[in-house]
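In the text below, chain A, chain B and the rest are named by the order of the sequence lines, each starting its count at 1. The analysis underlying the following values was restricted to heavy atoms, covering all of them including side chains, and did not include hydrogens, waters or symmetry mates.
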Protein chains: 2
Amino acid sequence: MSDLLERLRGRGWRLTAQRRVVAEVLDGDHVHYTADEVHAKAADLLPEISRATVYNTLGELVSLGEVLEVSTDGRAKRYDPNAHHAHQHLVCSRCGTIRDVHPAGDLLADLPTEERFGFQVSAVEVTYRGVCPNCATA
Amino acid sequence: MSDLLERLRGRGWRLTAQRRVVAEVLDGDHVHYTADEVHAKAADLLPEISRATVYNTLGELVSLGEVLEVSTDGRAKRYDPNAHHAHQHLVCSRCGTIRDVHPAGDLLADLPTEERFGFQVSAVEVTYRGVCPNCATA
DNA sequence: ATCCTACATTGGACTTTGTCTAAGTCAAGA
DNA sequence: TCTTGACTTAGACAAAGTCCAATGTAGGAT
């Protein structure tokens with residue numbers, strides 16, 4: 001993730017303690033925090049960070065293509081730092097756990113021309129739903 | 001949609017003017033209103049209908065499997081009355097227009113066993129994104 | 001090393017979307 | 001037609017997110 005900070009600095013990003021902390025919180029695999037969760041974790045490292053700054057920073061990271069926004073439950077948006085590896089999501093219907101997954105085949109090609117209504121289709125998001133091992137045994 | 005009302009009455013639903021109006025608003029193809037839009041349209045037909053009743057009724061229709069909830073933009077949920085025909089959604093990235101579409105192939109089968117992390121996968125939702133003809137020319 | 005200033009951060013007010021509750025109303029069976 | 005439990009209502013409340021004016025500061029300029 002320190003690459004990230006360098007990359008962004010190259011793009012004219014001003015490097016502040018707040019942005020550093022937000023980037024640090026978003027480091028890892030299968031990370032899908034809400035803005036509030038990011039704020040809470042960031043505040044552990046930098047107590048005076050404000051919610052507005054977390055929202056601003058997340059928004060910038062999304063615009064820059066470094067982080068993806070996912071909304072798997074219609075409630076708070078979640079932020080997925082794994083933007084450079086194409087993937088989809090598998091969500092537990094009971095506990096909400098999210099895993100990154102990689103379906104086979106060309107998902108875009110599955111949509112026939114006559115089902116495109118003249119749209120220029122450029123992307124596809126897939127959410128698989130099921131019950132995770134943990135919830136299945138409980 | 002009048003079938004719907006009969007069907008629901010058969011299930012013990014009390015038939016009120018408010019519920020009738022909400023069902024009427026949700027009639028049609030490619031309908032994906034937000035709760036507030038449903039409320040506004042319902043209020044044209046029955047001015048004193050309250051927001052709470054619209055939310056209640058939509059929630060009941062979803063529980064009963066008559067209407068689907070879709071959230072294509074992370075903002076307000078939208079309600080899709082086309083619940084009895086499996087379909088996915090194609091969304092315009094500019095104006096937000098939503099069309100119902102029918103991809104080819106078995107979308108669930110595209111997720112390999114080793115990518116299921118032990119989940120019992122039971123459903124899949126797909127959102128295609130692109131630019132609609134209207135926005136492409138504008 | 002210090003200064004400058006455009007950009008970043010802050011806290012709080014505000015908006016949007018949705019939920020809850022207590023009191024009043026009414027659909028439909030007896 | 002009466003009764004009753006389900007339905008509706010208005011408004012308070014909550015969660016998630018946006019906006020703004022005032023303040024602070026990163027990093028280039030000197």
Side-chain angles (χ1 to χ4, degrees), chain A residues 2 5-25 32-43 45-64 66-80 96, chain B residues 2 5-25 32-43 45-64 66-80 96:
Chain A
S2 50
L5 294 176
E6 275 315 306
R7 228 180 312 145
L8 293 176
R9 209 145 72 102
R11 295 210 228 170
W13 230 44
R14 187 176 288 186
L15 195 41
T16 65
Q18 291 82 350
R19 287 173 170 180
R20 218 186 310 260
V21 163
V22 169
E24 192 170 332
V25 167
H32 307 93
Y33 296 135
T34 63
D36 255 18
E37 285 167 352
V38 172
H39 179 239
K41 288 171 196 291
L45 304 170
L46 185 69
E48 66 278 22
I49 193 172
S50 79
R51 288 190 337 117
T53 295
V54 171
Y55 275 103
N56 287 343
T57 304
L58 290 172
E60 287 155 12
L61 289 171
V62 170
S63 306
L64 292 168
E66 298 290 345
V67 166
L68 294 178
E69 238 173 33
V70 299
S71 56
T72 52
D73 64 349
R75 317 242 352 209
K77 291 179 202 160
R78 294 179 172 272
Y79 293 86
D80 181 339
Chain B
S2 50
L5 294 176
E6 275 316 305
R7 229 181 311 147
L8 293 176
R9 209 146 71 104
R11 294 211 228 172
W13 233 42
R14 188 176 286 186
L15 195 41
T16 66
Q18 289 83 351
R19 288 172 169 182
R20 217 186 312 258
V21 163
V22 169
E24 192 170 334
V25 167
H32 308 92
Y33 297 135
T34 63
D36 254 19
E37 286 167 352
V38 172
H39 178 239
K41 288 171 197 292
L45 304 170
L46 184 69
E48 66 277 23
I49 193 172
S50 80
R51 286 190 336 118
T53 296
V54 170
Y55 276 102
N56 288 342
T57 305
L58 290 171
E60 287 155 11
L61 289 170
V62 170
S63 306
L64 292 169
E66 297 290 344
V67 166
L68 294 177
E69 238 173 34
V70 300
S71 56
T72 52
D73 64 349
R75 317 242 351 209
K77 290 179 202 160
R78 293 178 174 273
Y79 294 87
D80 181 338

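For the pair Leu8(B) CG and dC7(D) P, the computed distance is 11 Å after rounding to whole Å. Straight-line distance from the CZ atom of Arg19(B) to the P atom of dT9(D): 11 Å, rounded to whole Å. Going from atom CG of Asp73(A) over to atom P of dT17(C) covers 16 Å, rounded to whole Å. Whole-Å rounding puts the Leu58(B) CG to dT19(C) C1' distance at 14 Å. Taking atom CD on Glu48(A) and atom P on dT23(D), their separation rounds to 18 Å, with Å as the unit. Note: CZ (Arg75(B)) to P (dA15(D)) measures 19 Å, nearest angstrom. Whole-Å rounding puts the Arg20(B) CZ to dT8(D) P distance at 11 Å. Going from atom NE2 of His39(A) over to atom C1' of dT18(D) covers 15 Å, rounded to whole Å.
For Ala76(B), whose side chain is taken as the heavy atoms from C-beta onward, the closest listed nucleotide among dG18(C), dT9(C), dT9(D) is dG18(C).
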Where protein sits on nucleotides 25-30 of chain D, one letter per nucleotide: B base, S sugar-phosphate only, - none, heavy atoms under 4.0 Å: BBS---
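Between Gln18(A) and the phosphate of dT10(C), there is a side-chain N or O to OP1/OP2 separation shorter than 4.0 Å. Put simply, Thr53(A) has a side-chain N or O that comes within less than 4.0 Å of OP1 or OP2 on dT10(C). Contact between the side-chain N/O atoms of Tyr55(A) and the OP1/OP2 oxygens of dT18(D) is not found at any separation under 4.0 Å.
Within 4.0 Å (heavy atoms only), Ala52(A) reaches at least one base atom of the nucleic acid.
Taking CG of Asp80(B) as the start and OG1 of Thr72(B) as the end, the distance is 10.5 Å to the nearest 0.5 Å. Distance OH/Tyr79(B) to NE2/His32(B): 13.5 Å, rounded to 0.5 Å. Atoms CG and CG, from Asn56(A) and Leu61(A) in turn, are 11.0 Å apart once rounded to the nearest 0.5 Å. Rounding to the nearest 0.5 angstrom, the gap separating the CG atom in Asp73(B) from the CZ atom in Arg78(B) is 6.0 Å.
Contact of Arg51(A) with dG17(D) (side chain to base): a donor-acceptor pair of N or O atoms is detected under 3.5 Å.
A donor-acceptor pair is defined here as one N or O able to donate and one able to accept, closer than 3.5 Å; no such pair exists between the side chain of Arg7(B) and the backbone of Glu66(B). Using a distance-only test at 3.5 Å, with no hydrogens or angles considered, no donor-acceptor pair links the side chain of His39(B) to the main chain of Tyr55(B).
With a 6.0 Å radius and a threshold of 12 heavy atoms from other residues, nucleotides or ligands, Arg20(B) has its CZ atom above the threshold.
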